[in-house]
2 protein chains.
Amino acid sequence: MARRVKQPASSDLDARKATILEAVVSEHIATAQPVGSSSVASNADLGVSPATVRSEMVSLEREGYLAQPHTSAGRVPTDKGYRYFVDHLASGVLGTVQQHQLSEFFANVRGEVEDVLEQTSTLLSRMTSYTAVVVGATHAHASILSAQLVNIDARHQLLVTVFSDGSVVKHSLTPHFDVDLETCTEASRQINALLIGTTLETQVQVPSRHDHVAVLVRDAVAALHAALPTADGEKVFIGGSSRVADSFDGVETVRQVLSILEQELLVVSLVQDMLARGLSVAIGTENGYEPLSACAVVVAPVTIDGATAGAVGLLGPTRMKYQEAMAAAGAVSQHLTRHFGGEEENANH
Amino acid sequence: MARRVKQPASSDLDARKATILEAVVSEHIATAQPVGSSSVASNADLGVSPATVRSEMVSLEREGYLAQPHTSAGRVPTDKGYRYFVDHLASGVLGTVQQHQLSEFFANVRGEVEDVLEQTSTLLSRMTSYTAVVVGATHAHASILSAQLVNIDARHQLLVTVFSDGSVVKHSLTPHFDVDLETCTEASRQINALLIGTTLETQVQVPSRHDHVAVLVRDAVAALHAALPTADGEKVFIGGSSRVADSFDGVETVRQVLSILEQELLVVSLVQDMLARGLSVAIGTENGYEPLSACAVVVAPVTIDGATAGAVGLLGPTRMKYQEAMAAAGAVSQHLTRHFGGEEENANH
DNA sequence: GTTGGCACTCAATTCTACCGAGTGCCAGCG
DNA sequence: CGCTGGCACTCGGTAGAATTGAGTGCCAAC
């Protein structure tokens, strides 16, 4: 049927509709209940009767911003409704308590990067009551500071590589010949010489000889570079996965979401996909994974030297508290950026 | 397997009671419903009427093996009931399909220890539909093969230590003075000389001088040994945490269990506590954590060279399929034992 | 000791009535 | 014209009563 309502730019609502939509979303986020015309009329202070609100709501429903669970229930925001809400949101500010909490945390953390990120994910989760995700940088672009071959026993060697970003990776080698200490040491020397200063993206010239040392060197380099194509360098830290249980009421939904969270690669690509699309919030189906269609995801990038070095994210129900979540994620990402990016400067004074 | 090392009379049930108890437990495990006298009378083939079963049940209830959710409902096993059931259980055998699955998995796995353990936890979880826990060995007793200090920049050094068990740990140093490459190299040389061949339990003689090299050496050794007291060396891999969601029906229970699983240290100590107490199954409150009182935990140690090097575990509801779970955990632990303990022998062919 | 019989209990289910929040529609008002 | 109050209507939720039925405990009899 043809609708005579003309909507050139459907994404812009007139002021009153916007106010009403906002009221509905806010209240539904707060109460988890469908919200009716009268409570909107009283809460939002447009001097207008419920009846008027109602007629606006019909219109908002026609346009896809609201939905009715059933006739004679109030309205519930659709994903599109949340989207509008988020896009036109006054970006909230973090509560001072939480700001304090954050500053204190970052002032006191010590330990390895991984530990910091892990703890950060827990903190972020606790601050927001949502599940937090912290994605650590890949070291694809970091240069190699040291590559050392350690002899475990005659048939097992371990290639230990240290990158300029402070990450360390190991790779096992299991040659088909016995390796004595001397051979290992020599191979280690050559590997180190070969790889130092390169990145994983650098092509290196491996020796083509067939002696044991050369084979070790080749195997080592191969092992190291083999990891590159997979997004394996990303470390994911998930904090507060138990929050999933109180974000959703259907046990089945909980299972599905947890199941997704278990697949870390998937989480990484979700987050990176969002960053690539320039999204900071993905609502419902926007995130591209059906099992997550009841979820909203908020992300904030962590940048070091201008490059994206990681991200923090929050996962909650579509009716999540977006302001809080965005503020928290933003603040944490900034703290991380400062913590890792700015520390040389601090250290120099 | 030890059977009757119990108190004289009260913990040993006569044959018929035992049969009845077993029937109740089995059926309740299968159906999750309270089970009544008549179904026991027909399922277990003791030629006896429901009425007789009933009177036995009263007695079993008095002795604490069974409980009634309410009058006029069937009986449900108590923790004690499950305990008896487990203790007198014919140890089940793994299905051939799963045996095959396991062999195939272990024949094909490659990669670092951590990866193997991670994948193992996923596999075990998938095999059993329960949440799997794999605890990796600590390297407290492993000797140090190499300890190297790598210069990240003037104020950041990384101590990279390789242990004889193939594990690698890193520790950041942030001295309060600028370190040049030469100093770092010299410190690295000294650290290596000092630590090689020692274990984390070995006391080493650090230089007492005040020059930069000596300070670096001291800091490095201190950083390395600092980790010792905590059970930090243990790596935990949890597979299938989403299974928690269908093991329990109360959302609140799910939350609590997940919440426990998040605290990895806690999981480690739970498992180690069980191993120390010689338990292979902890039912309900036996595990010592109230939030886990609805859970049963099955563990099996992984031994390398006769010493406990880790463990695998399964976590499910108290009405879990104990035979299957124990068989699976046992089989996996044996595979792991063979995989890591016996691989030198294999490597020699 | 075992059994069938029997009265009894009580969660779960079904049915009914009904309340009320909320709607859509409309006629009238400024 | 847009806004409003009024009104009939819808339908999920709740509360209460009645019913069902699985399962018990007890007991007299075998």
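Note: hydrogens, waters and symmetry copies are ignored here, and every other heavy atom, side chains too, is used. Every chain is numbered from 1 and lettered A, B, ... according to where its sequence line falls, protein lines coming before strand lines.
Here the P atom of nucleotide C:dA21 and the NE2 atom of A:His28 are 18 Å apart, to the nearest Å. Atoms CD1 (A:Ile20) and C1' (D:dC3) sit 13 Å apart, rounded to a whole Å. Rounded to an integer number of Å, the gap from CZ of A:Arg54 to C1' of D:dC7 is 11 Å. Rounded to an integer number of Å, the gap from CE of B:Met57 to C1' of D:dC26 is 17 Å. Atom-to-atom, CG of B:Asp14 to P of C:dT2 comes out at 10 Å; the value is rounded to the nearest Å. In this structure, the CD atom of B:Glu27 is 9 Å from the P atom of D:dG23, given to the nearest Å. To the nearest angstrom, P of C:dG20 lies 17 Å from CD of A:Gln33.
Side-chain contact between A:Ser39 and A:Glu27: present, with at least one pair of heavy atoms (C-beta onward) separated by less than 4.5 Å. B:Leu13 places a side-chain heavy atom less than 4.5 Å from the side chain of B:Tyr65. Side chains of B:Leu21 and B:Lys17 form no contact here, defined as non-hydrogen atoms less than 4.5 Å apart.
In this structure, a donor-acceptor pair under 3.5 Å is present between the side chains of A:Glu63 and A:Ser59.
Picking from D:dT24, C:dT3, C:dG22 the nucleotide with the shortest atom distance to the side chain of B:Arg75 gives D:dT24. Listed candidates were C:dT9, D:dG23, C:dG24. Nearest to the side chain of B:Thr71 is C:dT9. Considering only the side chain of B:Ser49, C:dT3 comes nearest among D:dT10, C:dC10, C:dT3. For A:Thr52, the listed nucleotide lying nearest its side chain is D:dC3; candidates were D:dC3, C:dC10, D:dG6.
The backbone N or O of B:Ser42 lies less than 3.5 Å from no partner atom in the side chain of B:Asp45, so there is not a single donor-acceptor pair.
Taking only side-chain nitrogens and oxygens, B:Ser37 comes nearer than 4.0 Å to OP1 or OP2 of D:dT24. For the OP1/OP2 pair of D:dC3 and a distance below 4.0 Å, the side-chain nitrogens and oxygens of A:Arg16 include at least one atom meeting the criterion.
B:Ala51 comes within 4.0 angstrom of a base, heavy atoms only.
Taking the nucleotide of DNA chain C with the nearest heavy atom to each of B:His70 and B:Val48, the more 5' of the two is matched to B:Val48.
Put simply, the side chain of B:Ser72 and the base of D:dT24 share no donor and acceptor less than 3.5 Å apart.
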